[in-house]
Protein chains: 2
Amino acid sequence: MELERATNRSVRRRNRSALLWKLFLDGPLTRQDLARSTGLSQPAVSNVVSDLIDEGLVTEAGVLESDGGRPSMRLRIAPRFACVAGVDVGETRVRVELFDFAMTLLASVEYPLQPGGTDPAVVAGHVLAGIDEVTSRATVARAELLGVGIGVSGVVAQGPEVVVHAQTLGWDGVPLERLIRAGTDLPLHIDNGAKTLGQAEMWFGAGRGARHAVFALVGSGVGAAIVTNGVTYRGASSSAGEWGHTTLVYGGRSCRCGATGCLEAYVGAEGIIDRYRQARRGRPVPGVDEESQLTELIAAAESSAVAQRVLDETAGYLGAGVANLINLFNPERVVLGGWAGMALGTRLLPAIREAAARQALRQPYAQASIEVCRLGVDAVALGAATLPVAGLLAAGGTRE
Amino acid sequence: MELERATNRSVRRRNRSALLWKLFLDGPLTRQDLARSTGLSQPAVSNVVSDLIDEGLVTEAGVLESDGGRPSMRLRIAPRFACVAGVDVGETRVRVELFDFAMTLLASVEYPLQPGGTDPAVVAGHVLAGIDEVTSRATVARAELLGVGIGVSGVVAQGPEVVVHAQTLGWDGVPLERLIRAGTDLPLHIDNGAKTLGQAEMWFGAGRGARHAVFALVGSGVGAAIVTNGVTYRGASSSAGEWGHTTLVYGGRSCRCGATGCLEAYVGAEGIIDRYRQARRGRPVPGVDEESQLTELIAAAESSAVAQRVLDETAGYLGAGVANLINLFNPERVVLGGWAGMALGTRLLPAIREAAARQALRQPYAQASIEVCRLGVDAVALGAATLPVAGLLAAGGTRE
DNA sequence: CCACTTTAATAACGGCGTTAATTAAGCCCT
DNA sequence: AGGGCTTAATTAACGCCGTTATTAAAGTGG
C-alpha cells in the first residue's frame with residue numbers, strides 16, 4: 001500500500017485535479033455542476049475555479065438560460081492554454097499530430113517508413129521534424145507546447161530511460177527516448193501504441209464511462225490495452241497487455257516471436273492471410289499488401305466457401321482470445337480495434353461474441369459487452385497526445 | 001479518473017492510514033522511522049501516533065538502545081486492539097480461524113464437507129458455528145471481533161449482495177452473504193479463495209515487497225490472484241483472475257466448465273490424473289483421492305517413463321499458462337501455489353520456468369521471477385482474515 | 001556533574017475546506 | 001417599472017491539520 005503523506009497543500013492540488021478532470025471529460029459544466037458531482041462545497045469550487053481561470057487553465061463560456069434565478073456560468077477547459085503533440089510510430093509510418101488543450105486537431109504530418117528494418121535514428125528524426133513541422137504550420141511557439149506523447153507499436157519498457165523492443169520494426173532494446181531527447185528538451189511520454197489507442201478510446205470513444213475495459217487491437221500484430229479502475233494498466237515494466245503472444249493453441253502455428261501457438265499467429269493479419277493461403281492449397285492471395293489481401297478475403301467470403309471457413313475460424317480464435325481477456329480481467333467492455341479488427345469486426349462480431357460466450361465463464365461473460373472501436377486507427381496519435389495532458393491534469397494543472 | 005474530493009479531515013485520515021499500514025507491514029518502528037519513511041514531519045507523526053495510542057490501535061513496545069541521545073520508542077500495532085475471523089470455504093471443508101490484530105492465530109476449527117453437491121445453508125451454518133466456536137474457545141467477545149473474511153473457491157460476484165458461483169460445490173448464484181447475514185450482524189467480507197490466498201502471500205509470504213504479482217493457484221481447480229500496484233485486482237464484478245478457464249489448447253480437452261481446451265483441463269489435479277490414466281491406457285491411478293493419486297504420480301515418475309512424460313507435459317502446459325500471465329500482466333513475481341501447485345512446484349519448477357521462457361516474450365519474462373508460495377494452503381483463511389483488517393487500515397483506523 | 005546528542009513535545013503560523021450569511025442577477029407578475 | 005421570488009456566486013467566521021522553529025526530555029561519556 002505505502003500511501004504518500006498528505007498535507008494541506010495536497011488537498012488543494014487534489015481538488016484542482018478533480019475539477020480539471022471533470023471539466024476536461026464532461027465539460028462544459030457550471031460551478032454548481034462541479035459542486036454537486038465532486039461533493040465539494042460551492043465556495044470551495046468557486047475558489048479553485050477562480051484560481052484556474054487566473055492561471056488560464058479554465059475559461060468561462062457563456063451563461064446558461066434560466067427560468068428564474070441567476071443564470072449559471074458555463075466553465076470549460078481553455079483550449080488555448082497549451083498544445084500537445086501526439087506521435088504514432090507505426091509499422092509503416094510516423095504520424096505527428098498537434099492538438100490544442102481541448103484535443104482539437106490543429107495540424108498533422110506523416111512520414112512513410114520503409115517496410116522491414118527501420119533505423120531508430122531515422123524515426124527519431126521524423127519525430128523531431130514532425131514536431132517542428134506541425135508547430136510551425138499552426139504557428140505554435142515552443143513554450144506553448146506542453147509535451148509530446150509517442151505511441152510505438154512494440155514493447156515499450158519504462159525505466160530510468162525508455163527502451164523499445166519492436167520485432168516488426170526490427171528493434172531490440174532501442175533507446176528511443178535518448179534519441180529523441182538529443183533533439184529537444186520537451187517533456188516526452190513514450191508508450192505502447194495499443195495503450196495510447198486505448199487511452200483515446202477511453203476518453204473519446206467506445207470506452208467512455210467504463211472503469212474496466214480491454215481494448216483488443218488486431219492489425220498486422222495483435223495487442224491489447226487494459227484499463228483497470230480507469231487507469232491504463234502497465235505492470236512492472238510497462239509491457240503488460242501483450243495479448244498477441246499469449247498461447248491459444250498449445251503447440252500450434254509458429255509465431256514470429258519464436259514461440260508457437262500465439263494468438264497473433266492465428267488472428268493477426270499475416271496469420272489470417274497465411275491460413276487463407278494454405279486453405280487455397282498454397283495459391284497466393286491477391287493483393288499488394290496485407291490490407292488489400294484481407295479486403296480480398298472478406299470480399300471472397302461472399303461467394304467462396306473456403307474464404308468463409310477461414311473467416312469463421314478466425315472468429316473462433318478471436319472469440320476464444322477475447323474470452324481469455326474476459327476471464328482474466330472481468331471487464332465491463334471489450335473493444336475491438338486495429339485496422340484488421342475494424343475490417344473484420346463489423347462482419348464477424350456476432351460470431352466472435354458467440355465464440356467468446358462458448359469459451360468464457362458465464363458470469364464474467366454476462367458482465368462484458370463486446371463492441372467495435374469508434375475512433376479508428378489514427379487514434380494512436382490522439383491517445384499519445386493525451387499523455388502529457390493526463391500528466392498535467394493529475395498534477396492539478398501545475399507543471400512540476 | 002473521477003477523484004474524490006479532499007478535505008482537511010481527509011488529510012488526517014490519510015496520514016493515519018499511511019502510518020498504520022507502515023506499522024502493520026513493517027513494524028515495530030520508531031516515530032523517527034515513521035517520519036523518515038512517510039515524509040511527514042516529526043510533530044505530525046507524534047500527533048497522529050498519540051491519537052492512535054489513545055484509541056488503542058498502537059502501543060509502545062520498549063525503547064531502543066542508544067549510544068548517546070534520548071533512546072527512541074518502538075511502536076507497534078496493538079495485537080489486542082481487535083480480533084478477526086478468517087474462513088476458508090474449500091471444496092472439501094470449511095475452516096474457520098481466529099486471529100488477533102497482529103494476525104497471530106488464536107483458534108481454529110474445521111468442518112468437513114461431503115464431496116459433490118453441498119447445501120449452501122449447511123456451509124453458512126458451518127461458518128456461523130465456526131465463528132461461535134473459535135471466539136468462545138479464545139474467549140473473545142463479540143465486540144472485539146472486527147469482522148469476518150470469507151474465502152470461497154469459486155467466482156464471487158460482488159454487487160449489492162455477494163453472490164457465489166462455484167461449479168465444484170454445485171453452486172450457481174448462491175446468495176452466500178444473505179445466508180450468513182441471517183445469522184450474524186458482523187461485518188462480512190466475502191472474496192474468492194485464490195484472491196484471499198494471494199493477499200496472505202502478499203502480506204506475509206512470497207509476495208512481500210512486490211507491487212505487481214500474480215499468484216497462480218493449482219489445486220483441483222485452477223485460479224489466479226492478480227495484484228496490481230499493491231492491490232488485488234477484482235475487475236467489474238470481482239471475478240477477475242479466472243485463469244483456469246482460459247483457453248490454452250484451442251479445441252482441446254473438454255473442461256467441466258463446458259468449454260474446451262481450458263488450462264484447468266490440463267493442469268488441474270483432475271486433468272493431470274486423467275491424462276495420466278489415459279497414458280496408462282485407461283488403467284486407473286491408485287489412490288483414494290486426487291491428492292494421493294497425484295502423490296502416486298509424482299512418486300511413479302522416478303521409475304516410470306510414462307509418469308515422467310505426463311509430468312513433463314504438465315510442466316509444459318503450466319509454463320505456457322504462466323507465460324500468458326507474464327505477457328498479459330507483466331508482473332515482477334509469479335507465485336505458484338495451491339496444493340497441487342506446491343506438490344508439483346518444487347519438482348517441476350525448472351521445467352515450468354523453461355516452458356514459460358519459451359512461450360513468453362523475452363522482455364517481460366526477464367522482469368518476472370517464478371517462485372513457489374511460502375504459506376501453504378491454510379493461507380486462504382489467513383488471507384480472508386486480512387480483509388477486515390485491510391478495510392480498517394485503509395480507512396485510517398476508524399470503523400465507519 | 002556537565003557537555004553533547006538524539007528523541008519527543010509545544011508554539012506560532014498558514015493553507016484550505018466548511019457552514020452560514022450576503023450579494024448578484026435573472027424571471028414573473030401586477 | 002418595480003417588488004417578490006429563485007438560483008448562482010461571493011464573503012466571513014471557524015476549525016482542522018501539517019509545517020517550521022523552539023523547548024523539554026532522556027540518554028551517554030568524560
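Chain letters run A, B, ... following the sequence lines, proteins first and then strands; every chain starts at 1. Both backbone and side-chain heavy atoms feed into the values below; hydrogens, waters and symmetry mates do not.
- Closest to the side chain of A/V11, from the set C/dT18, C/dC16, C/dA8, is C/dC16.
- With A/Q42 as reference, A/Q32 is the one residue of A/R36, A/Q32, A/R31 to meet the side-chain hydrogen bond (donor to acceptor under 3.5 Å, both in side chains) rule.
- For B/N330 and A/S237, the side-chain atoms include at least one donor-acceptor pair closer than 3.5 Å.
- At a cut-off of 3.5 angstrom, counting only N and O atoms as typed in the model, there is no donor on one side facing an acceptor on the other between the side-chain of B/N8 and the base of D/dC17.
- Between A/T30 and A/A6, the residue anchored closer to the 5' end of DNA chain D is A/T30, taking for each the nucleotide with the nearest heavy atom.
- When the side-chain nitrogen and oxygen atoms of B/R5 are compared with OP1 and OP2 of C/dT18, one or more of them lie within a distance under 4.0 Å.
- Straight-line distance from the CG atom of B/D51 to the C1' atom of D/dG18: 13 Å, rounded to whole Å.
- A rotation axis mapping the C1' atoms of four pairs onto the next four is fitted at both ends of the helix from C/dC1-D/dG30 to C/dT30-D/dA1 over five pairs, and the angle between these axes is 10° to 10 degrees.
- In this structure, A/Q42 places its CD atom 20 Å from P of C/dC16, rounding to the nearest Å.
- Atom CZ in A/R36 sits roughly 10 Å away from atom C1' in D/dT7 (whole-Å rounding).
- Ion pairing between a basic and an acidic side chain is recognised when a charged N comes within 4.0 Å of a carboxylate O; A/E55 and A/R16 show such pairing.
- B/N47 comes within 4.0 angstrom of no nucleic acid atom, judged by non-hydrogen atoms across all strands.
- You'll find the side chain of A/D191 stays beyond 4.5 Å of the side chain of A/Q199, heavy atoms only.
- In this structure the side chain of B/T135 never reaches within 4.5 angstrom of the side chain of B/E144, judged on heavy atoms.
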Is there a salt bridge (Lys or Arg N to Asp or Glu O under 4.0 Å) between A/R208 and A/D26 once you walk through the steps?
CA-CA 10 Å; A/R208 276 191 72 96; A/D26 303 328; 3.4 Å; yes
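- In this entry the distance linking CZ of B/R13 with P of C/dG17 reads 15 Å, nearest Å.
- Of the candidates C/dA9, D/dT19, D/dA8, the closest approach to any side-chain atom of B/R31 belongs to C/dA9.
- Listed by chain and residue number, nothing satisfies the side chain to side chain donor-acceptor pair (under 3.5 Å) test with B/R13 (two or more places apart in sequence, or in another chain).
- Look at B/S46 and you won't find any side-chain N or O under 4.0 angstrom from OP1 or OP2 of C/dA8.
- For A/R9, taking side-chain heavy atoms from C-beta onward, the closest of the listed nucleotides D/dG18, C/dG15, C/dT18 is C/dG15.
- When each of B/R74 and A/V63 is assigned the nucleotide of DNA chain C with its nearest heavy atom, B/R74 is the one assigned upstream, toward the 5' end.
- Within the nucleic acid shown, B/S41 comes within 4.0 Å of at least one base atom, counting heavy atoms only.
- The interatomic distance linking A/M73 (CE) with D/dT7 (C1') rounds to 14 Å, in whole Å.
- We find that CD of B/E60 is positioned 12 Å from P of D/dA26, with the value rounded to whole Å.
- Between B/N229 and B/H212, some side-chain heavy-atom pair lies under the 4.5 Å cut-off.
- Side-chain contact between B/R142 and B/L186 is present, with at least one heavy-atom pair separated by less than 4.5 Å.
- We find that CZ of A/R12 is positioned 11 Å from P of C/dT18, with the value rounded to whole Å.
- Residue B/Q32 is in sugar-phosphate contact alone, with no base atom involved, counting any heavy-atom pair closer than 4.0 Å across all strands shown.
- For A/P43, taking side-chain heavy atoms from C-beta onward, the closest of the listed nucleotides D/dT10, D/dT19, D/dC17 is D/dT10.
- The only option from A/F101, A/F99, A/F24 that meets the ring pair (Phe, Tyr, Trp, His ring centres under 6.0 Å) definition with A/F81 turns out to be A/F101.
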Expected rows: protein N/O vs nucleotides 27-30 of chain D N/O, under 3.5 Å:
from	atom 1	to	atom 2	distance (Å)
D/dG27	N2	B/G69	N	3.3
D/dG27	N3	B/G69	N	3.4
D/dT28	O4'	B/G68	N	3.3

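- Across all strands shown, A/S72 has heavy atoms under 4.0 Å from sugar-phosphate atoms exclusively, and none from any base.
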